[in-house]
Q: 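Before I ask anything, let me first share the structure, which is written out below as structure tokens.
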Amino acid sequence: MRFVVTAGPTREAIDPVRFISNRSSGKMGYAIAEAALAAGHRATLISGPASVSPPEGAQFLAIVTSDELHDAVHRAVRDCDVLVMCAAVSDYKPATVEPRKMKKRKAPFALELIPTRDVLTSLPKEDRNYLVVGFAAETHDLEANAQKKLEEKNCDMIVANDVSRTDSGMESDENAVTIFFRNGESQTISRASKKIIARELVKIISKMLEKCLTKKS
Ligand code: CTP
């Protein structure tokens, strides 16, 4: 099977030396690509600036901005069986990028931000020949928020993690997730290393892919 995995943060430029980003390390997405390869699948890893090295054997595509990620995903899904959207995409970008370094001022000022494009909702909703796995980073109301994203972002499953915890989630080597499916079922993987969580996720995704392929044939 062909996996496309997005990982890491995006960066949205303010001026030539500054940007808006987030704390995503890329570890979860890189572990998923690695686990997919170890299970005998092909993996394309589309990543923003991350703190880890890409796994050997993955086709690696480096992106920086949410617009670059959007375009790279749309190209990659033409030839894949599953898209795993693990990237922590910036929801806003500066309305204008200053061509020169902004000088320090004494007075307070506000930066005008505009929404970025949502990659998941920009994908076709019907007649897709690949599965879509979303992620939901939540600090509160995990189940309700994840279910809403599963629906609104038209995912086949969504992997929710609590990013308010300091011992798992963003930047950590560990994670704990609950996966929500379209039929209302859910499955929890309790706290473990991201590599172990990734292996479990790849198993669950592969099972779902096999089911879909059997249905089609
Ligand atoms: N995502 C996306 N495009 C964006 C923002 C997010 O495709 N512009 C994807 C992420 O890769 C993830 C899912 O949407 O798979 C949920 O991302 P998350 O950051 O949890 O949610 P948001 O949509 O940003 O909503 P909120 O910040 O309000 O929780």
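If you're wondering where the values come from, they're calculated on a predicted model, not measured in any experiment. In each ligand, atom 1 is the first atom listed, and ligand 1 is the first ligand listed. Numbers here are sequence positions counted from 1. Values below: every heavy atom of this structure, side chains too, minus hydrogens, waters and symmetry copies.
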Q: Pull out every atom of ligand 1 sitting under 4.0 Å from any heavy atom of G134, numbered as shown with elements.
A: 15 (O)
Q: Distance under 4.0 Å to a non-hydrogen atom of D91: what atoms of ligand 1 satisfy this?
A: 5 (C), 24 (O), 27 (O)
Q: So, do M157 and R182 sit near enough that their side-chain heavy atoms are less than 4.5 Å apart?
A: no
Q: For the residue pair H70 and T65, confirm or rule out a side-chain donor-acceptor distance under 3.5 Å.
A: no
Q: For atom NZ of K125, decide whether the heavy atoms of other residues, nucleotides or ligands shown that lie under 6.0 angstrom number more than 12.
A: yes
Q: Could you tell me whether the side chains of S66 and E12 share a donor-acceptor contact shorter than 3.5 Å?
A: yes
Q: Heavy-atom contacts with L120 under 4.0 Å: which atoms of ligand 1 show up? List them by number with element.
A: 2 (C), 7 (O), 9 (C), 13 (C), 14 (O), 15 (O)
Q: Could you list which atoms of ligand 1 come closer than 4.0 Å to a heavy atom of A136?
A: 20 (O)
Q: Using heavy-atom distances only, which candidate in M85, E152, K93, K149 approaches atom 29 (O) of ligand 1 most closely?
A: K149
Q: Give a yes or no on this: more than 12 heavy atoms of other residues, nucleotides or ligands lie within 6.0 Å of atom NZ of K153.
A: yes
Q: N/O of A87 under 3.5 Å from N/O of ligand 1, yes or no?
A: yes
Q: Evaluating non-hydrogen atoms only, which member of H70, K153, R117 is closest to atom 1 (N) of ligand 1?
A: K153
Q: Does ligand 1 have a heavy atom under 4.0 Å from the side chain of T116, from its backbone, from both, or from neither?
A: side chain
Q: Any salt bridge between R42 and D81, counting N to O under 4.0 Å?
A: no
Q: Between the main-chain N or O of T10 and the side-chain N or O of S21, is there a donor-acceptor pair closer than 3.5 Å?
A: yes
Q: Return the closest protein heavy atom for atom 17 (O) of ligand 1 as residue, atom name and distance.
A: F135 O, 3.7 Å
Q: Looking only at distances, please establish whether an N/O atom of ligand 1 is found under 3.5 Å from an N/O atom of V119.
A: yes
